[in-house]
Amino acid sequence: MAALTRRGLLAGLGAGALALPLAACSGGAVESLPEQGALVSADGLTHLLDLDQAANAAIIVGEAIRRGLRARAATIALATALQESKLYNIEYGDRDSLGLFQQRTSQGWGTEEQIMDPWYSSGAFYDALVKIDGWDSGSINDVAQAVQRSGVPDGYAEHEDVSRTWASALYGYDPAAVTLVDRAEAAADAEALTGFVGTVWGEAVGSVIDGTTITFTVPDSRQGWSLAQLLLCRGSAAGLTGLQAGQASWTASRTVRTDWTGGTDEDASIVTATLHS
């Protein structure tokens, strides 16, 4: 279904690359700035996704949550997208392969327009995934290959650990594991975040917009941390500058990668997002 090819453009864009750009400070010296993007740190693993990759990863995980699937489903989907497209929604591929999962119109995955919609392509992947016998217990590589039928059948295994770490954090099992560096300085767009949350959780999560502040009411703390860390992945386009989850808080910085501060063992069913004023 999804044969694997790469163009030279992607060869130097490896997900998780930690190379740091240089910027001149006011005194003429050169200082290192942190790479833009969302960074996950949990269980001894650290991995960076750039702003586009992080936004796509949030949709892949969000669609799994919307469908009530376990985090394992998101792990398999992330490993697949990292292998097939490096989590970029690309408009080319082998023969008629397209998008995050390099799905082919000729193999019944949908129209070109549908496949290039990350929500649709993620849903199509999960539709196929849950039809695989033993998808929820078998080898992640083998399950992904059963869905994709790739020309590189063992390629998904190399992304398993990273994908499991991201899925665990974005499902809320690892609080305060994701941080963001964003120098895009996009204008505040509260509806972009409330729309994303509404797609994922529907009426289960309430939201109130007050100027540049959004307050979300979530069923429980785990889902609160899921929501908060998904917002970090989607926040660049909405002008996200800060988050509060229970007693823990995160504040954006253009020059350093700021960690969460405060305890993570308090109730986090109220999440507050702050946007550019």
Side-chain angles (χ1 to χ4, degrees), residues 9 13 15-25 31-40 47-63 81 85-91 99-100 116-119 121-122 166 169-170 176-201 205 207-216 218 224-245 248-261 271-277:
L9 174 64
L13 295 176
L18 295 174
L20 300 178
L22 296 178
C25 66
E31 64 178 4
S32 293
L33 292 176
E35 185 74 15
Q36 289 196 102
L39 186 81
V40 65
H47 187 261
L48 177 72
L49 297 176
D50 71 22
L51 297 176
D52 288 339
Q53 290 172 310
N56 290 328
I59 290 177
I60 290 172
V61 175
E63 179 63 15
S85 68
K86 295 189 177 178
L87 272 173
Y88 294 107
N89 195 29
I90 52 178
E91 298 179 347
L100 290 171
M116 289 304 298
D117 176 354
W119 288 104
S121 62
S122 297
W166 274 109
L170 296 181
V178 179
T179 60
L180 175 70
V181 172
D182 171 26
R183 289 185 284 275
E185 296 187 342
D189 186 353
E191 286 77 14
L193 296 186
T194 57
F196 173 82
V197 171
T199 298
V200 175
W201 277 281
V205 171
S207 62
V208 176
I209 301 174
D210 183 6
T212 57
T213 299
I214 316 170
T215 301
F216 297 95
V218 189
W225 277 108
S226 173
L227 182 147
Q229 296 186 124
L230 284 166
L231 291 183
L232 283 169
C233 290
R234 297 290 299 176
S236 176
L240 183 70
T241 60
L243 283 167
Q244 182 89 23
S249 62
W250 169 85
T251 303
S253 170
R254 299 178 73 254
T255 58
V256 297
R257 184 170 292 280
T258 54
D259 293 326
W260 286 84
T261 60
V271 176
T272 303
T274 305
L275 311 182
H276 281 299
S277 58

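Residues: numbered from 1 along the sequence shown.
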For the [atom1] atom of [X] and the [atom2] atom of [Y], what is their distance to the nearest 0.5 Å?
| X | Y | atom1 | atom2 | result |
| --- | --- | --- | --- | --- |
| Ile214 | Ile209 | CD1 | CD1 | 5.5 Å |
| Asp210 | Thr215 | CG | OG1 | 7.5 Å |
| Leu193 | Ser207 | CG | OG | 10.0 Å |
| Ile90 | Met116 | CD1 | CE | 8.0 Å |

Does any non-hydrogen side-chain atom of Pro34 lie less than 4.5 Å from one of Arg183?
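They are in side-chain contact.
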For [X] versus [Y], what's the shortest heavy-atom pair and its separation?
| X | Y | value |
| --- | --- | --- |
| Gly224 | Val218 | N-CG1, 3.4 Å |
| Ala57 | Leu49 | CB-CD1, 3.9 Å |
| Leu51 | Val181 | CD2-O, 3.9 Å |
| His276 | Glu185 | NE2-CA, 3.8 Å |
| Ser122 | Ile60 | OG-CG1, 3.4 Å |
| Pro118 | Asn56 | CG-OD1, 4.2 Å |

Check: Glu35 side chain, Asp50 main-chain N or O, donor-acceptor pair, under 3.5 Å: no
Solution key, residues 226-242 side-chain donor-acceptor pairs under 3.5 Å, sequence neighbours excluded:
| from | atom 1 | to | atom 2 | distance (Å) |
| --- | --- | --- | --- | --- |
| Ser226 | OG | Leu170 | O | 2.6 |
| Gln229 | OE1 | Ala176 | N | 3.3 |
| Gln229 | OE1 | Ala177 | N | 2.7 |
| Gln229 | OE1 | Val178 | N | 3.0 |
| Gln229 | NE2 | Ala169 | O | 2.7 |
| Gln229 | NE2 | Asp174 | O | 3.2 |
| Arg234 | NH1 | Ala55 | O | 3.1 |
| Ser236 | OG | Asp182 | OD1 | 3.1 |
| Ser236 | OG | Asp182 | OD2 | 3.3 |
| Thr241 | OG1 | Thr274 | O | 3.0 |

Practice task
Evaluate the ring planes of Trp166 and His47, with Trp represented by its six-membered ring, and classify them as parallel (under 30°), tilted (30 to 60°) or perpendicular (over 60°).
Solution key: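 Taking His47 first and then Trp166, their aromatic rings stand perpendicular (interplane angle over 60°).
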Original post:
For Phe196, which residues count as a ring-ring contact (aromatic ring centres under 6.0 Å, His included) partner, sequence neighbours excluded?
Top reply: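 So Phe196 forms a ring-ring contact (aromatic ring centres under 6.0 Å, His included) with Trp119.
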key: Partner of Trp250 under side chain to side chain donor-acceptor pair (under 3.5 Å), chosen from Thr258, Asp259, Thr179, Thr261   =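 Single side chain to side chain donor-acceptor pair (under 3.5 Å) partner of Trp250 among Thr258, Asp259, Thr179, Thr261: Thr258.
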